[in-house]
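One structure below.
When a ligand or atom number is given, it counts from 1 through the structure's own listing order. Remember, predicted model here, so these are calculated numbers, not experimental data.
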Amino acid sequence: MKKPVPLQGAVTVPADKSISHRSILFSACANGESHVRASLMGRDNLASIRIMRQLGVRFEGEFNAQALAMAEEEGIAGFTESGDALCRLRIFGEGFEGLRMPTAALDCGNSGTTARLLTGLLAGCEFSATLTGDHSLVKRPFRRVTEPLSQMGASFSGDMLPLTMTGGALKGIEYLSPKASAQVKSAILLAGLRAQGAVSVSESVQSRDHTERMLTAMGCAVRGEETPNGRWLVSLPTEAERLPLRPLDFEVPGDFSAAAFPLVAAAVTPGSEVEILGVGFNPTRIGLYHILRRMGADIEAMNARVVGGEEVVDLRVRYSRLHGVEVTADDVVLAIDEIPILAVAAAFADGETLIAGAEELRVKESDRLAMTAQVLQSFGATVSETPDGLRISGKPGLRAQAPSEKVAWRTSGDHRIAMSGAVLQYAACGSLNLSDQSAVETSFPGFLQCFEALLPQSRVR
Ligand code: S3P
């Protein structure tokens, strides 16, 4: 079994998936021509583009070679090659009134964000649309959005995909969200843009706020405040101040959730020093950064700047010895997509890491608590599942019992499990391969190239 050689160098990561979705969906409902620039976009974002085209919105632009190839596979035609690393989109919105009833089902693929935000976006449109998705999305819960949107006046054929929804005249809502979820909050705010009356959503802890920031940049000033009982409350302005949305001229920052993989890989591989450039550093997204620092990781956020209304930094991470920590429900909201890769870091830390309040992970692209535990066990880590989390007994210098090619692990087609497993494989076996390339393309199409840039060639297959 090979020892992992140190990771070294500087890399960039794809455009933030959450922000890209919003820039595509919101621009399509704005009045005028929006310009969105992004590095690589994954398949989830391409699903959003395909669907907004089905709803009658015109998109033009250039994609870099990798995105162009994926777009063609996804049936998205008419884009040209940009000749550089960027994707440039021109989106010709004609307001919500410009949206047309689709003639076929809207296939959201693997993308829960596309599907849940779309329910809100279509709730005020006086037509019917059927939403569907892949084998994973049809098993995920939608009652969390159909319930509040029904209260506002939309109707739904059921609480799981495929579902047919019919929009129409909506009334306002003051919604006490039972869970801190940016998808739920965003769906209600999008529906609320066209509702009569006050619209607000409160959540136990502030979930990611990209919707609030982008709507505000488009002229609809969303207000956020802490309530006297410690909840986070967001409210739309008065009806007259909500629409029309102004078009966007926007650059999407790098995805912190993608940066998490090289970040943890370098943090647990002795001798590593890696920089990840141009990473979104929105405070509602960077729970993993804070947890890793509590574990003793040597990470620095440098060159802070603001791009498109979002904080952006360059991250520098050096290997250091980690120790186990307790991770609470409040931490989990700010690191909701990073728990599998956090568990990988914990497998290399001294002592125990207890992750609690993470039951939401059971209804992500897979049951991520079960899948993470299985992957960690495949590589010889000591881990057990609890109903709402994971208990990991870490071991600095953890080595797999078998050589890399002999360790089999399942991904369930889940991109974050596939990439967490690949990082673990590198750190525990010394070489990295991708058992599930197609899953990875959901959010990080350049994942292998990113590691190639940090590794001697022989270590990546
Ligand atoms: C997202 C919100 C989160 C996150 C998902 C993206 C978003 O989901 O897990 O990957 O872009 O709003 P929840 O709102 O269900 O927590």
Classify the contact between [X] and ligand 1 as side chain, backbone, both or neither, using a heavy-atom distance cut-off of under 4.0 Å.
X      : result
Lys179 : neither
His210 : neither
Arg208 : side chain

_I'd like to check whether Ser186 has a polar contact with ligand 1, where a contact means an N/O of the residue lying under 3.5 Å from an N/O of the ligand._
no
*Which atoms of ligand 1 are found less than 4.0 Å from any heavy atom of Ala182?*
12 (O), 14 (O)
Decide, yes or no, whether a salt bridge links [X] with [Y] under the criterion of side-chain N to carboxylate O below 4.0 Å.
X      : Y      : answer
Asp134 : Arg140 : no
Asp331 : Arg294 : yes
Asp16  : Arg208 : no
Glu385 : Arg362 : yes
Arg285 : Glu311 : no
Arg416 : Glu365 : no

Looking only at protein heavy atoms, which one is nearest to [atom], and how far off is it?
atom                    : value
atom 11 (O) of ligand 1 : Ser18 OG, 2.6 Å
atom 8 (O) of ligand 1  : Lys364 NZ, 3.1 Å
atom 10 (O) of ligand 1 : Asp337 OD2, 2.7 Å
atom 6 (C) of ligand 1  : Thr113 OG1, 3.4 Å
atom 12 (O) of ligand 1 : Arg22 NH2, 2.6 Å
atom 14 (O) of ligand 1 : Ser181 OG, 2.7 Å

*Has Lys185 got any heavy atom lying under 4.0 angstrom from an atom of ligand 1?*
no
*State, with a plain yes or no, whether a side-chain heavy atom of Tyr289 is found less than 4.5 Å away from one of Phe281.*
yes
*So, Asp330 and Thr328: side-chain donor and acceptor under 3.5 Å apart, yes or no?*
no
